[in-house]
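Read the structure below first, then the notes.
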Amino acid sequence: MAIAAAISLCLPPQARRFSVSIASPFRSTSSLHFDSLRSNCSLKNPNFRVSASSISIGAPEKISTTSFLDRRESGFLHFVKYHGLGNDFILVDNRDSTEPRITPEQAVKLCDRNFGVGADGVIFVMPGINGTDYTMRIFNSDGSEPEMCGNGVRCFARFIAELENLQGKHSFTVHTGAGLIVPEIQDDGKVKVDMGEPILKASDVPTKLPANEDQSVVKSDLNVDGVIWNVTCISMGNPHCVTFGTKGSQNLTVDELNLAAIGPKFEHHEMFPARTNTEFVEVFSRSHLKMRVWERGAGATLACGTGACAVVVAAVLEGHAGRSCKVDLPGGPLEIEWREEDNHVYMTGPAEVVFYGSLPL
């Protein structure tokens, strides 16, 4: 699969346009075009070859998103890259088929940040089933397929709005591996998502840790390389292990964690038969939390929507916070509410276009 393509970045009007010659590991050298804030930007990656004679500066070109998204050339993958607080995804219009347009192996290559487009995952917009408007499927950057992704579903909603040319406030139903999800685009462009009810029963999370609160695992001991962590296990359609610190410790300072060292030990712990996402949480107040996340199949990411939802549920169960919280993630804040009246968790946050691209398969 070739990685070379025409790519248009969504950047401010003062952007200039220039060309860069890419030495792609998948095929012969080809041309990549993109808008940049400065024409004298330098690319230091040794896999790029930049020729001064290829740089041309001209008036900014307006991207026709409608015509771009309508493209249907065979042998090409047209996509839009989005991010939700830095958790970035390649979005693919797959409404004409119930099978993803690329394989998990191709998704791994696309997500590679050195030799591909670079992303935490590839998301496919597919036909709805069981009466829903759409179906959402995801391949992680390691090729695995998660049940759902909170930041991803916000990007999915904004992508749908582009595909369908929707303006203003809209909601629709989405079938996912985690069940029915209902995103609603707000007037300010943010996306509010009804994430459904949290799953607390230990065997359904799933975790092998013994239940200690009814059928749930709340502030239970987990031995990770000889260190005892207090953990609460929750599923938001995908498994989460939430910790506010080690046993007997004071409030966790998440910025001091070596996430790359500790994260995989949680993800692959024998107590989590389906592996797990892990959230490390610092409490500022009963309405303000800070978290870092190690995502199953993606590693350390700048944001995790389902993780932020799980964090607020865990904070309520452990008595750290109320039901409505601002959750700070490395990529920015999310607003999370666990409503008592319907037991549903609601997440509100941004999703933004990064660029439009095409590549030969």
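This chain uses plain numbering: 1 for the first residue, then up along the sequence.
- Lys81 places none of its side-chain heavy atoms less than 4.5 Å from the side chain of Val353.
- Between Asp214 and Ser216, the side chains place no donor N or O within less than 3.5 Å of an acceptor N or O (distance only, hydrogens not considered).
- Within the 4.5 Å cutoff, side-chain heavy atoms of Pro350 are placed close to those of Leu85.
- Rounded to the nearest 0.5 angstrom, Arg275 CZ and Ser144 OG are separated by 5.0 Å.
- Counting all heavy atoms, side chain and backbone alike, Thr135 lies closest to Gly128 at OG1-CA, 3.6 Å.
- Judged purely by atom type and a 3.5 angstrom limit, Asp204 has no side-chain atom pairing as donor or acceptor with the backbone of Pro206.
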side-chain contact (heavy atoms from CB on, under 4.5 Å), that's the test. Do Leu77 and Val92 meet it? Break it down for me.
CA-CA 8 Å; Leu77 180 71; Val92 177; 3.7 Å; yes
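- Met236 and Val205 fall into different hydrophobic clusters, where Ile, Leu, Val, Met, Phe, Trp and Tyr side chains are chained together by heavy-atom contacts under 4.5 Å.
- Under a 4.0 Å N-O distance rule, the pair Lys192/Glu337 does not qualify as a salt bridge.
- The CD1 atom of Ile123 sits 13.5 Å away from atom CZ of Phe79, with the distance rounded to the nearest 0.5 Å.
- Using modelled atom types and a 3.5 Å distance limit, the side chains of Asp120 and Thr301 yield no donor-acceptor pair.
- Inter-residue side-chain proximity for Val281 and Val242 is flagged as met; some heavy-atom pair is nearer than 4.5 Å.
- Between the CG atom in Asn130 and the CG atom in Leu180 there is a gap of 10.0 Å [rounded to 0.5 Å].
- Here the straight-line distance linking atom CG of Asp187 with atom NE2 of His170 works out to 9.5 Å at 0.5 Å rounding.
- Counting side-chain heavy-atom gaps under 4.5 Å among Ile, Leu, Val, Met, Phe, Trp and Tyr, the cluster of Ile262 also holds Leu209, Val217, Leu222, Val224, Val227, Trp229, Val231, Leu252, Val254, Leu257, Leu259, Phe266, Met271, Phe272, Phe280, Trp294.
- The nearest pair of heavy atoms linking Gly297 to Ser141 is O-OG, 3.5 Å.
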Show your reasoning for whether side-chain contact (heavy atoms from CB on, under 4.5 Å) applies to Phe172 and Leu166.
CA-CA 11 Å; Phe172 25 82; Leu166 303 176; 4.1 Å; yes
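- A side chain to side chain contact (heavy atoms under 4.5 Å, CB included) with Asn151 is found for exactly one of Val193, Val191, Asp88, Asn87, namely Asn87.
- Side-chain contact between Val125 and Phe156: present, with at least one pair of heavy atoms (C-beta onward) separated by less than 4.5 Å.
- Side-chain atoms of Lys208 and Glu270, non-hydrogen and from C-beta on, never get closer than 4.5 Å to each other.
- Ring pair His320/Phe244: centre-to-centre distance below 6.0 Å.
- For the 3.5 Å distance criterion, the side chains of Glu184 and Tyr346 fail to qualify, holding no donor opposite an acceptor.
- With 3.5 Å as the limit, one finds a donor-acceptor pair spanning the side chains of Glu279 and His240.
- Counting only N and O atoms by type, the side chains of Glu197 and Asn343 include a donor and acceptor under 3.5 Å apart.
- Between Leu334 and Gly305, the shortest heavy-atom distance links the atoms CD1-CA, 4.0 Å.
- Remark: Lys326 does not engage Glu335 in a salt bridge, criterion side-chain N to carboxylate O under 4.0 Å.
- Contact of the Trp338 side chain with the Leu317 side chain is registered, since non-hydrogen atoms from C-beta on lie closer than 4.5 Å.
- Between Glu267 and Arg296 there is no salt bridge, since no side-chain nitrogen of the basic residue lies less than 4.0 Å from a carboxylate oxygen of the acidic one.
- Side chains of Asp342 and Arg339 form a contact here, defined as non-hydrogen atoms less than 4.5 Å apart.
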What's the verdict on side-chain contact (heavy atoms from CB on, under 4.5 Å) for Val117 and Leu359, showing C-alpha distance, side-chain angles and the deciding distance?
CA-CA 10 Å; Val117 174; Leu359 56 89; 4.1 Å; yes
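- Between Val327 and Val312, some side-chain heavy-atom pair lies under the 4.5 Å cut-off.
- To the nearest 0.5 Å, atom CD1 of residue Ile102 and atom CG of residue Leu110 are 4.5 Å apart.
- Closest non-hydrogen pair, Glu213 versus Val218, comes out as CG-CB, 3.6 Å.
- Both Phe89 and Leu163 belong to a common hydrophobic cluster when Ile, Leu, Val, Met, Phe, Trp and Tyr are linked at side-chain heavy-atom distances under 4.5 angstrom.
- Under 3.5 Å, the side chains of His288 and Asp328 contain a donor-acceptor pair of N or O atoms.
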Working note: Val122 + Cys111, criterion side-chain contact (heavy atoms from CB on, under 4.5 Å); need CA distance, chi angles, decisive distance, verdict.
CA-CA 8 Å; Val122 181; Cys111 291; 3.9 Å; yes
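- By the rule that hydrophobic residues join a cluster once side-chain heavy atoms approach within less than 4.5 Å of another member, Val313 and Ile199 end up as members of separate clusters.
- For the atom pair Ile336 CD1 and Cys309 SG, the distance stands at 4.0 Å (nearest 0.5 Å).
- A donor-acceptor contact closer than 3.5 angstrom is absent between the side chains of Thr348 and Gln186.
- Figure legend: cation-pi geometry between Arg101 and Phe124 absent, as NZ or CZ is not positioned both under 6.0 Å from the six-membered ring centre and within 45° of its axis.
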